[in-house]
S.K.: 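Submitted below is the structure of interest, expressed as structure tokens.
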Amino acid sequence: MSMSDIIDEVLENIRNSAIFKNREYLLPDYIPDQLPFRERQIKEIVSVMAQLYKGERPGNIFIYGLTGTGKTAVTKFVLSNLQKRIPDKFSFIYINTRQSDTPYRVIADILEWLGDKVPFTGLSLAELYRRLLKSLMLVKNNVVVVLDEIDALVKKYNDDILYRLTRINSELNKSKVSLIGITNDIQFIDILDPRVKSSLGEIEIVFPPYNAEELTEILKMRANLAFRENVLDDSIISLCSALAARDHGDARRALDLLRVSGEIAERKGKAKITQDDVQEARGEIEKDRVHEVISTLPFHSKLVLASILSSNDRLTTGEVYNIYSSLARKMGIEVVTQRRVSDIINELDMIGILNAKVINRGRYGKTKEISLAVEKPLVIKILKESDSKIASIWS
DNA sequence: CATCCACAGGAAGGACGGGGGT
DNA sequence: ACCCCCGTCCTTCCTGTGGATG
């Protein structure tokens with residue numbers, strides 16, 4: 001089969017889809033031209049950014065809101081629309097600090113965006129800041145830097161990068177930099193250095209979670225764009241919204257759920273999405289997530305996880321460490337310290353594979369109560385196929 | 001009511017592999 | 001060629017702690 005045949009075939013499949021008219025409208029990175037229930041936030045951001053029109057530096061903005069409350073979509077929406085209207089007044093860069101998760105990467109991203117080629121690693125941070133300043137000197141317009149999910153970056157490192165970025169303007173004369181910081185941790189601002197706090201928190205905007213009715217409305221709009229007629233009725237949309245509303249009103253999850261439900265119905269060759277498809281989609285999304293996080297774990301984290309699987313009860317840190325140690329001994333592998341295992345347990349908790357709760361048992365000490373947060377057979381299956389040494393535990 | 005358990009979790013730093021600048 | 005930097009995973013040493021028990 002030739003290349004163009006393959007392309008034709010894929011296109012043909014899409015044209016023939018009984019379910020989707022245009023699947024892209026349900027993908028997470030699609031920015032709609034309507035953002036319902038966010039008028040107030042849009043207005044606030046625009047009124048701050050309007051300073052750009054006069055060629056002045058807008059105040060730094062700090063945006064809070066849980067995941068899937070439209071923070072990123074609204075910010076991108078406002079900036080790109082503004083860009084269309086006053087293209088010669090400013091430029092902006094969006095950086096997700098979950099992807100670019102070190103100060104080095106963030107600065108490197110800005111430099112690359114400015115057209116400066118920087119090595120993946122090797123330079124000192126000080127050198128990067130020097131280059132950044134040099135490059136910014138040559139920029140004529142104001143620059144808006146959006147830092148999405150900065151709480152993660154600042155917690156992992158410190159707020160030095162924010163401090164430097166907020167201070168950089170004093171070294172620049174032509175163009176000025178303004179920051180938009182996005183976070184889903186409300187308490188985040190408290191851990192900032194007071195100087196950064198006062199500078200970054202010039203304007204604060206809050207994004208409350210969507211409730212079930214609002215989610216329903218949002219899903220309806222997107223469903224109309226994405227699906228063919230009569231593919232789904234309102235009960236499907238309500239179900240997706242209800243499931244997502246239970247999860248702190250996360251619109252992204254709701255959209256994912258709807259899209260995957262559609263994909264499942266399509267794979268089955270059905271013409272309509274049913275409630276069962278939605279339930280199946282839930283399971284599939286969760287499985288993908290678990291697979292993704294477990295298979296990329298370092299070896300000892302996998303081994304710690306495997307240790308926890310060996311019991312159906314809740315375990316303490318000490319018990320986990322004992323099981324882990326004996327597994328490692330059997331396999332002839334050096335153990336890491338209990339201190340490290342304690343951190344590994346926290347990491348596994350963070351990514352939602354375990355539940356680890358600190359408890360006080362009085363006389364019997366302070367420890368963590370650890371249990372599996374996901375389906376055990378699934379974890380075993382993933383561990384087996386991702387590491388042959390660990391697979392030998394169950395053989 | 002003080003004690004003391006079984007850890008929690010912070011701080012500092014090191015080994016190592018991937019990558020520089022000059 | 002030489003020395004330097006970075007991120008990741010890990011160690012060592014440490015101080016802190018809620019509440020059942022004696």
Side-chain angles (χ1 to χ4, degrees), chain A residues 95-112 116-135 147 149-161 164 185 187-188 190-193 292-308 311 313-329 331-351 353-371 383 386-387 389-390:
Chain A
I95 298 171
N96 186 311
T97 55
R98 196 173 292 278
Q99 286 160 244
S100 304
D101 59 349
T102 64
Y104 187 99
R105 277 313 316 160
V106 171
I107 303 301
D109 280 359
I110 300 177
L111 277 168
E112 267 159 31
D116 236 337
K117 196 79 196 107
V118 280
F120 178 71
T121 174
L123 299 181
S124 73
L125 255 183
E127 170 64 16
L128 278 201
Y129 283 121
R130 256 207 313 286
R131 290 190 185 191
L132 179 64
L133 189 58
K134 220 172 96 192
S135 292
L147 297 172
E149 309 191 59
I150 24 164
D151 46 324
L153 187 70
V154 169
K155 274 181 208 147
K156 190 102 215 268
Y157 299 88
N158 50 55
D159 53 11
D160 185 59
I161 183 170
R164 283 169 183 272
D185 182 354
Q187 277 138 43
F188 164 71
D190 296 333
I191 64 173
L192 292 177
D193 181 296
E292 169 69 26
V293 295
I294 293 183
S295 55
T296 56
L297 247 29
F299 178 79
H300 286 283
S301 302
K302 286 181 183 171
L303 194 53
V304 168
L305 180 56
S307 315
I308 291 158
S311 166
D313 300 329
R314 277 196 275 268
L315 297 169
T316 64
T317 304
E319 288 163 350
V320 170
Y321 190 67
N322 287 337
I323 301 169
Y324 158 82
S325 303
S326 70
L327 279 178
R329 200 166 39 249
M331 299 165 74
I333 283 160
E334 295 265 327
V335 294
V336 300
T337 56
Q338 180 161 334
R339 179 67 186 82
R340 176 64 189 139
V341 168
S342 172
D343 275 346
I344 288 175
I345 289 167
N346 284 340
E347 288 159 21
L348 293 171
D349 178 47
M350 282 271 289
I351 59 177
I353 301 299
L354 299 180
N355 294 313
K357 207 171 97 218
V358 178
I359 52 158
N360 273 292
R361 298 179 304 175
R363 173 96 278 204
Y364 305 104
K366 184 191 193 188
T367 183
K368 269 189 296 232
E369 219 174 49
I370 300 147
S371 60
L383 284 177
S386 78
D387 191 297
K389 272 194 228 128
I390 288 176

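Chain naming here is simple, since letters A, B, ... match the order of the sequence lines and numbering starts at 1 in each. These numbers were taken from a predicted model, which means no experiment stands behind them.
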S.K.: Quick one: which protein N/O atoms are closer than 3.5 Å to N/O atoms of nucleotides 7-9 of chain C? Pair and distance per line, please.
M.R.:
from	atom 1	to	atom 2	distance (Å)
C:dG7	OP1	A:Thr102	OG1	3.2

S.K.: Check this one for me: any side-chain N or O of A:Thr317 less than 4.0 Å away from OP1 or OP2 of B:dA8?
M.R.: yes

S.K.: Using side chain to side chain contact (heavy atoms under 4.5 Å, CB included), reason through A:Ile345 and A:Asp349 one step at a time and then give a plain yes or no.
M.R.: CA-CA 6 Å; A:Ile345 289 167; A:Asp349 178 47; 5.5 Å; no

S.K.: At under 4.0 Å, does any side-chain N or O of A:Thr337 touch on OP1 or OP2 of C:dT11?
M.R.: yes

S.K.: So which atom in A:Phe299 and which in A:Lys389 form the shortest heavy-atom distance, rounded to 0.1 Å?
M.R.: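 Scanning both residues completely, I find the closest heavy atoms to be CE1-CB, 4.2 Å.
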
S.K.: Check the interface with nucleotides 12-16 of chain B: list each N/O to N/O pair with the protein under 3.5 Å, or write none.
M.R.:
none

S.K.: Any donor-acceptor pair under 3.5 Å linking the side chain of A:Ser325 with the backbone of A:Tyr321?
M.R.: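 Between the backbone of A:Tyr321 and the side chain of A:Ser325 there is a qualifying donor-acceptor contact (under 3.5 Å).
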
S.K.: Specify the separation, in whole Å, of atom CG of A:Leu123 and atom C1' of B:dG19.
M.R.: 9 Å

S.K.: What pairs with A:Tyr129 under ring pair (Phe, Tyr, Trp, His ring centres under 6.0 Å), at least two apart in sequence or on another chain?
M.R.: none

S.K.: Have a look at the helix from B:dC1-C:dG22 to B:dT22-C:dA1 and give the angle its two end axes make, five pairs each, rounded to 10 degrees.
M.R.: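 Computed from the C1' atoms at both ends, the axes differ by 20°.
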
S.K.: Not counting sequence neighbours, which residues clear salt bridge (Lys or Arg N to Asp or Glu O under 4.0 Å) with A:Arg130? List them please.
M.R.: A:Glu127

S.K.: Name the nucleic acid region contacted by A:Val335, choosing base, sugar-phosphate or nothing; use a 4.0 angstrom heavy-atom cut-off, strictly under.
M.R.: sugar-phosphate

S.K.: Heavy atoms only, 4.0 Å cut-off, all strands: where does A:Asn346 land among base, sugar-phosphate and nothing?
M.R.: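 Result for A:Asn346 = sugar-phosphate.
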
S.K.: Check whether any side-chain N or O of A:Thr97 sits under 3.5 Å from a backbone N or O of A:Glu149 as a donor-acceptor pair, and report yes or no.
M.R.: yes

S.K.: Pull out every residue in residues 124-134 of chain A that has a heavy atom closer than 4.0 Å to any atom of DNA chain C, ordered by number, or say none.
M.R.: A:Ser124, A:Leu125

S.K.: Starting at CD1 of A:Ile359 and ending at P of B:dG9, how long is that distance when rounded to a whole Å?
M.R.: 12 Å

S.K.: Identify, with sequence neighbours excluded, every residue that meets salt bridge (Lys or Arg N to Asp or Glu O under 4.0 Å) alongside A:Arg361.
M.R.: none

S.K.: Using the test side-chain hydrogen bond (donor to acceptor under 3.5 Å, both in side chains), find all partners of A:Lys302 that sit at least two apart in sequence or belong to another chain.
M.R.: A:Ser386

S.K.: Distance check needed: B:dA8 P versus A:Asp343 CG, whole Å only.
M.R.: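 Going from A:Asp343 (CG) to B:dA8 (P), I get 9 Å.
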
S.K.: For residues 101-108 of chain A, which side-chain donor-acceptor pairs fall under 3.5 Å, sequence neighbours excluded?
M.R.:
from	atom 1	to	atom 2	distance (Å)
A:Thr102	OG1	A:Arg105	N	3.0
A:Tyr104	OH	A:Pro119	O	3.1
A:Arg105	NH2	A:Asp109	OD1	3.1

S.K.: Do any pairs count as a salt bridge (charged side-chain N to carboxylate O under 4.0 Å, His left out) and have a residue in residues 335-348 of chain A, sequence neighbours left out, and if so which ones?
M.R.: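 Qualifying pairs: A:Arg339-A:Asp343, A:Arg340-A:Glu347.
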
S.K.: With the sugar-phosphate defined as primed atoms, P, OP1 and OP2, and the base as all remaining atoms, what B/S/- string results for nucleotides 16-22 of chain C, 5' to 3', for protein heavy atoms under 4.0 Å?
M.R.: BBBBBS-

S.K.: Is A:Met331 atom CE crowded by more than 12 heavy atoms from other residues, nucleotides or ligands, each under 6.0 Å away?
M.R.: yes

S.K.: With sequence neighbours left out, what residues match A:Arg329 under salt bridge (Lys or Arg N to Asp or Glu O under 4.0 Å)?
M.R.: none

S.K.: From NZ of A:Lys357 over to P of B:dG9, roughly how many Å is that when rounded to an integer?
M.R.: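 Taking atom P of B:dG9 as the reference, NZ of A:Lys357 is at 14 Å.
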
S.K.: For B:dC7 and A:Thr316 - does any side-chain N or O of the residue sit under 4.0 Å from the phosphate oxygens OP1/OP2?
M.R.: yes

S.K.: For A:Tyr324 and A:His300, indicate whether the former's side chain and the latter's backbone hold a donor-acceptor pair under 3.5 Å.
M.R.: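 Side chain of A:Tyr324 to backbone of A:His300: no pair is present.
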
S.K.: Quick one: does A:Leu297's side chain get under 4.5 Å of A:Leu348's, heavy atoms only?
M.R.: yes

S.K.: Can you see if the side chain of A:Lys368 gets near the phosphate of B:dA8 - specifically, an N or O under 4.0 Å from OP1 or OP2?
M.R.: yes

